[in-house]
Number of protein chains: 2
Amino acid sequence: MNTRPALNISAVERDTGLGKDTLRVWERRYGFPQPTRDNHGERVYPAEQVDRLRLMKRLIDHGYRPGRLFAASEDEFSSLCHACAAKSVAEPGSGDEVVRHAIRLIKANDLPILRQALNQAMMRLGLQGFIIDIVAPLNQAVGEAWMSGEFQIFEEHLYTEQMKSLLRQAIGSLPPSVVGPRILLTTVPEEQHLLGLLMVEALLVLDGATCISLGTQTPLFDIQMAAVAHRADIVAVSFSAAFPARQVAPQVSQLRQLLPSEVDLWVGGTGAQRLAPQPGVVVLANLRGALEALEVWRGCGHGDQSSPPELDGR
Amino acid sequence: MNTRPALNISAVERDTGLGKDTLRVWERRYGFPQPTRDNHGERVYPAEQVDRLRLMKRLIDHGYRPGRLFAASEDEFSSLCHACAAKSVAEPGSGDEVVRHAIRLIKANDLPILRQALNQAMMRLGLQGFIIDIVAPLNQAVGEAWMSGEFQIFEEHLYTEQMKSLLRQAIGSLPPSVVGPRILLTTVPEEQHLLGLLMVEALLVLDGATCISLGTQTPLFDIQMAAVAHRADIVAVSFSAAFPARQVAPQVSQLRQLLPSEVDLWVGGTGAQRLAPQPGVVVLANLRGALEALEVWRGCGHGDQSSPPELDGR
DNA sequence: GTTCCTTTTTGTCCTGGACAATTTGACCAT
DNA sequence: ATGGTCAAATTGTCCAGGACAAAAAGGAAC
């Protein structure tokens with residue numbers, strides 16, 4: 001077995017999602033990470049430190065603060081990883097069995113069977129049930145498995161890729177609507193997670209909406225232009241947990257300001273939950289929230305944008 | 001019409017792909033960009049400058065050097081944009097007509113018809129012909145349309161998203177192979193362009209290979225682990241033109257070193273063309289190159305990795 | 001418990017210097 | 001002309017260490 005390569009600072013930035021400045025300032029302030037230096041005096045991060053940084057990034061995304069993590073002992077740290085993983089297993093839904101099975105299949109690297117099992121579940125539950133009761137918990141479970149060290153990164157990648165493929169397939173096979181609202185889906189620059197958006201798209205198309213997906217990372221001004229060009233009734237953007245928390249609110253405000261006032265703005269995803277309510281912005285608490293919002297939109301008569309009804313999913 | 005928002009330095013980094021350090025050093029050395037400053041003395045880039053930076057980035061990706069671009073007059077600059085666009089229209093293939101039609105449909109924002117036209121073309125030409133004679137030139141044409149200012153960014157996004165969707169759909173509907181080589185497909189971190197990879201995947205699956213796609217941005221060490229876990233015969237990675245040129249060679253070498261020697265390594269995409277030949281690394285000159293490489297692999301008897309035959313596509 | 005205010009924490013930006021890797025261009029030999 | 005070698009210019013990335021605003025935490029008064 002090869003010994004793992006050490007990385008320079010920009011490679012660590014890519015791999016962990018922590019900026020160069022942050023890496024340097026952590027080193028200065030907390031003494032970690034503590035990279036060695038190469039001939040030119042440049043930082044070289046051993047693989048173990050990069051692993052640790054990846055974990056810290058994810059814990060921070062889940063709401064822990066750096067000070068807490070740096071203060072923690074080794075034992076406490078790893079218990080935090082597990083605690084974080086466990087905390088959100090609230091409702092042992094009916095899909096639990098399927099989810100556990102899928103996890104086992106991913107770990108066994110058995111792609112064909114995994115694909116088959118997911119397809120089967122989809123057929124049995126219908127697309128909506130599949131997404132809400134299987135895909136969402138499964139995403140969570142995969143994230144947790146990674147965090148507690150049971151999954152490699154590539155297994156997470158593989159799962160994500162499979163699921164994206166499956167969802168696109170499903171969306172493609174649905175009949176295109178001509179009556180429902182026209183919904184433009186995308187993410188802002190810096191946010192490259194597509195899976196959540198695809199899940200919402202599937203649900204919305206299933207409910208008769210016309211979805212126009214721009215994929216990830218559309219500049220705000222282009223979202224505006226696209227909304228106008230495609231005569232969208234609603235613009236929906238999603239923020240993952242990994243999105244820099246401080247940037248969510250400004251991005252949303254700016255987008256809201258850019259869009260014509262008769263266009264609704266829906267914001268969903270883990271990263272959107274920290275968002276304070278704003279006039280003219282609907283925060284979707286979860287997947288069902290999207291369906292409720294669609295219902296509300298239809299009820300209210302289209303084009304009523306001034307103070308849309310509060311949708312509090314709790 | 002709203003006036004477009006100005007961006008701070010990290011937003012510009014995201015939007016243009018030029019690093020913060022590069023932006024600052026260009027300002028220092030060449031006097032462009034010349035952002036204004038906000039109350040705190042931080043750089044604020046007007047939208048026009050960001051547009052210009054985006055163009056420059058793309059021209060640089062196409063081989064021009066910054067010094068050349070900064071020295072150019074306004075007229076010369078825009079003529080470079082067009083020249084760069086025109087230079088690669090070499091073979092007026094049979095798909096030319098379809099490509100032009102598709103471009104018009106994208107510009108007209110007519111999604112349903114576009115989708116239908118592409119589907120039709122695929123049916124008529126077959127998947128292989130479609131990818132080689134339509135998708136590849138169309139990608140090029142879309143890039144050119146953007147560069148000469150005829151397309152907005154969101155139109156490029158929309159096209160890419162549609163095409164990805166279509167290709168996945170096609171791949172999903174192909175019968176899974178059980179005999180061909182097992183090929184692991186992905187990109188290295190920092191490379192987030194998936195479309196080329198999907199095109200290759202479609203061609204390879206069509207030719208009877210078993211493809212395992214990890215999506216984009218897999219850390220090198222995870223590519224290694226995935227290759228082992230999935231008993232891959234071949235690992236294929238792609239580099240777009242936008243990938244930092246200086247990093248291609250080191251990444252490939254490192255990956256080659258990480259992988260077991262009996263696993264072939266294929267490298268494709270525009271960004272791979274600048275790559276000097278290395279032992280144990282097959283550079284794919286174009287899409288057909290992938291098919292040729294597959295043929296060679298089958299001919300040579302699997303597992304022959306020591307000095308694979310040169311595949312020079314010219 | 002809630003509201004308001006102060007302190008600490010934390011990420012990002014700044015300047016200006018340095019340097020290695022690549023490319024260019026000049027010069028020379030075939 | 002063609003090819004090869006070496007010096008000079010170009011260019012992206014790294015570093016140090018200072019600064020500061022936004023967010024979170026902690027406390028105090030209600």
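Proteins get letters first, then strands, A, B, ... in listed order; numbering begins at 1 in each. Side-chain atoms are counted along with the backbone in the values below, which use heavy atoms only and exclude waters and symmetry mates.
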Self-check item: C/dT10 OP1/OP2 closer than 4.0 Å to side-chain N/O of A/T22
Solution: no
Quiz item: A/I9 side chain: which of D/dG17, D/dC15, C/dC13 is closest?
Solution: D/dC15
Exercise. Step by step, work out the side-chain hydrogen bond (donor to acceptor under 3.5 Å, both in side chains) result for A/Q217 and A/T187.
Key: CA-CA 5 Å; A/Q217 317 207 66; A/T187 71; over 6 Å; no
Quiz prompt | B/E191-B/S238 side chain donor-acceptor pair, cut-off 3.5 Å | solution = no
Quiz item: Of all the choices, D/dA16, C/dT24, C/dA21, which nucleotide is nearest to the side chain of B/R65 once you look at every atom?
Solution: C/dT24
Exercise. Using only side-chain N and O atoms of B/Y30, determine if any of them is under 4.0 Å from OP1 or OP2 of D/dT10.
Key: no
Quiz item: Looking across every strand, which nucleic acid part, if any, lies under 4.0 Å from B/F70 by heavy atom: base, sugar-phosphate, or nothing?
Solution: nothing
Quiz item: Rounded to the nearest Å, what distance is computed from the NZ atom of residue A/K20 to the C1' atom of nucleotide D/dG17?
Solution: 18 Å
Self-check item: Interface residues of residues 38-55 of chain B with DNA chain D (non-hydrogen, below 4.0 angstrom)
Solution: B/H40
Self-check item: Separation of D/dT13 P from A/L7 CG (nearest whole Å)
Solution: 16 Å
Quiz prompt | Which residues share a ring-ring contact (aromatic ring centres under 6.0 Å, His included) with A/F32, sequence neighbours left out | solution = none
Practice problem: Test for a donor-acceptor pair under 3.5 Å between the base of D/dG17 and the side chain of A/R28, counting only N and O atoms. | Solution: yes
Quiz item: Do A/Q49 side-chain atoms and A/Q34 backbone N/O form a donor-acceptor pair below 3.5 Å?
Solution: yes
Quiz item: Which residue lies toward the 5' end of DNA chain D, A/A249 or B/G67, if each is placed at its nearest nucleotide?
Solution: B/G67
Self-check item: Min side-chain heavy-atom separation B/Y64-B/L80 under 4.5 Å
Solution: yes
Practice problem: Between A/R246 and A/A11, just flag the one whose closest nucleotide in DNA chain D comes earlier from the 5' side. | Solution: A/A11
Quiz prompt | Six-ring centre of A/Y45, A/R52 cation under 6.0 angstrom, axis tolerance 45° | solution = no
Practice problem: Please report, rounded to the nearest Å, how far the C1' atom of D/dT11 is from the CD atom of B/E27. | Solution: 17 Å
Quiz item: Within the modelled atom types, does a donor on one side and an acceptor on the other bring the side chain of A/R29 and the base of C/dG11 under 3.5 Å apart?
Solution: yes
Practice problem: Write down the distance between CG (A/N8) and P (C/dA21), rounded to a whole number of angstrom. | Solution: 12 Å
Practice problem: Please say whether the positively charged group of B/R58, taken as NZ for Lys or CZ for Arg, lies over the ring of B/W146, i.e. under 6.0 angstrom from the six-membered ring centre and within 45 degrees of the axis. | Solution: yes
Practice problem: Could you tell me the separation between the CD atom of A/Q247 and the C1' atom of D/dA22, rounded to a whole number of Å? | Solution: 12 Å
Exercise. Return the value, rounded to whole Å, for the distance between atom CZ of B/R14 and atom P of C/dT12.
Key: 10 Å
Exercise. Using atom CZ of B/R24 as one end and atom C1' of D/dG12 as the other, report the distance to the nearest whole Å.
Key: 13 Å
Practice problem: May I have the distance from A/R68 (atom CZ) to D/dG26 (atom P), rounded to whole angstrom? | Solution: 11 Å
